[in-house]
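Keep in mind that what you see is a predicted model, and the values were worked out from it rather than measured. Keep in mind that the numbers below use all heavy atoms, side chains included, and drop hydrogens, waters and symmetry copies.
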Amino acid sequence: MRNSLVLYYEKTPLPLTSCTKGCFIDQLLDVESSHYNIGGYIKLEGTLDKEKFFQAVRSAPQVFDAYKMRFNSDISNPSFFIEEDYEEMDVEELDFSQEEDRKGIAMNWMQDRFDTAFNIKEDEVLFEHVLIKIADAEHWFFVSTVI
C-alpha cells in the first residue's frame, strides 16, 4: 500500500497551511533570520551505546515523514513535498569533554546554532541533530529545526 502512496507524493507539491505559508514567505524575505528556529537538547547520563543511539536516530526518516519534508522553492506557489528517498539522516558528533569549561562551551555552541538561519531550499533538510560529548558518562543530544 505504501508504494502506491510514494508514487503519488514523490515530489508532488502539497499545500502549506496558512501559518506555515506565512513563516515560509517571511523566511524568504529575511534569509538570515533564525526567528522560526525551534529545538533543544536532552542530557544523556551514564554509559551510552553510541552505535545503537546513532542507528536509532539515523533511521527516524523511515518512520516519521516529517524528516522527509522539503519546501518547494517556487515562491509563486508556496508548497512542500515529501522526499521519499531520504531514509537515513546525518547526526554530527562533537566532543567538548577535554575543554575546561565544556558545559559553557557546549551551551554557547548550541545558542550559536539556534541563532543560525536554516537554508530552506528544496535540497536542504529542515533540521539538525548533534550528539555532544561532555564527559565519558554525559552526552547532550541537540536538536534544531525550522517551523
Side-chain angles (χ1 to χ4, degrees), residues 1-97 105-147:
M1 180 66 140
R2 184 157 167 87
N3 287 341
S4 62
L5 293 174
V6 170
L7 293 175
Y8 174 75
Y9 283 117
E10 189 170 339
K11 295 276 184 169
T12 300
L14 302 167
L16 298 176
T17 65
S18 58
C19 180
T20 306
K21 187 184 293 187
C23 295
F24 173 75
I25 291 170
D26 193 39
Q27 187 69 44
L28 290 177
L29 293 173
D30 187 3
V31 295
E32 297 299 317
S33 173
S34 61
H35 184 72
Y36 297 105
N37 290 7
I38 59 172
Y41 71 101
I42 300 168
K43 289 183 182 181
L44 306 169
E45 296 179 342
T47 303
L48 178 66
D49 184 335
K50 288 197 315 187
E51 289 308 310
K52 285 184 180 178
F53 177 83
F54 285 133
Q55 181 182 14
V57 174
R58 287 181 178 135
S59 67
Q62 296 170 21
V63 179
F64 302 107
D65 284 344
Y67 291 114
K68 298 178 178 190
M69 181 182 163
R70 305 291 181 269
F71 284 113
N72 184 332
S73 58
D74 180 6
I75 186 82
S76 66
N77 182 27
S79 59
F80 74 97
F81 64 92
I82 303 297
E83 186 182 318
E84 284 298 329
D85 293 338
Y86 188 73
E87 299 257 335
E88 185 173 293
M89 65 181 160
D90 292 331
V91 181
E92 188 179 346
E93 186 175 7
L94 297 176
D95 186 346
F96 294 131
S97 64
I105 291 170
M107 290 296 264
N108 288 337
W109 181 88
M110 289 188 297
Q111 187 61 56
D112 183 57
R113 296 306 305 151
F114 280 130
D115 294 339
T116 302
F118 276 88
N119 184 346
I120 59 171
K121 294 182 180 176
E122 276 185 32
D123 55 346
E124 298 291 331
V125 296
L126 303 173
F127 54 85
E128 176 179 26
H129 293 93
V130 182
L131 181 66
I132 303 169
K133 182 177 180 180
I134 301 299
D136 287 339
E138 183 176 355
H139 293 78
W140 295 358
F141 181 50
F142 168 80
V143 178
S144 180
T145 189
V146 64
I147 56 171

Between Glu93 and Lys133, is there a side-chain N and carboxylate O pair less than 4.0 Å apart?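 The answer is no: the pair does not qualify as a salt bridge.
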Is any side-chain heavy atom of [X] closer than 4.5 Å to a side-chain heavy atom of [Y]?
| X | Y | value |
| --- | --- | --- |
| Asp26 | Ser33 | no |
| Ile25 | Leu29 | yes |
| Lys50 | Leu131 | yes |

Quiz item: Just wondering, more than 12 heavy atoms not from Asn119 lying within 6.0 Å of its CG?
Solution: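 Yes.
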Counting only heavy atoms not in Asp30, do more than 12 fall under 6.0 Å of its CG?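 Check passes, neighbour count above 12.
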Are any side-chain N or O atoms of [X] and backbone N or O atoms of [Y], one a donor and one an acceptor, separated by less than 3.5 Å?
| X | Y | value |
| --- | --- | --- |
| Thr145 | Ile38 | no |
| Gln62 | Glu87 | yes |
| Asn37 | Thr116 | yes |

Of all the heavy-atom pairs spanning [X] and [Y], show the shortest one and how long it is.
| X | Y | result |
| --- | --- | --- |
| Gly40 | Phe114 | N-CZ, 3.4 Å |
| Ile120 | Phe71 | O-CB, 3.7 Å |
| Phe118 | Gln27 | O-NE2, 4.2 Å |

- Given the rule in the side chain to side chain contact (heavy atoms under 4.5 Å, CB included) test, do Val57 and Phe141 qualify, once you have shown the distances and angles that lead to the verdict? CA-CA 10 Å; Val57 174; Phe141 181 50; 3.9 Å; yes
Could you check, using the six-membered ring where one of them is a Trp, whether Phe24 and Phe80 have ring centers closer than 6.0 angstrom?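 That pair fails the under 6.0 Å test.
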- Task: Take the angle between the ring planes of Phe127 and Tyr67 and call it parallel below 30°, perpendicular above 60°, tilted in between.
- Result: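 Taking Tyr67 first and then Phe127, their aromatic rings stand perpendicular (interplane angle over 60°).
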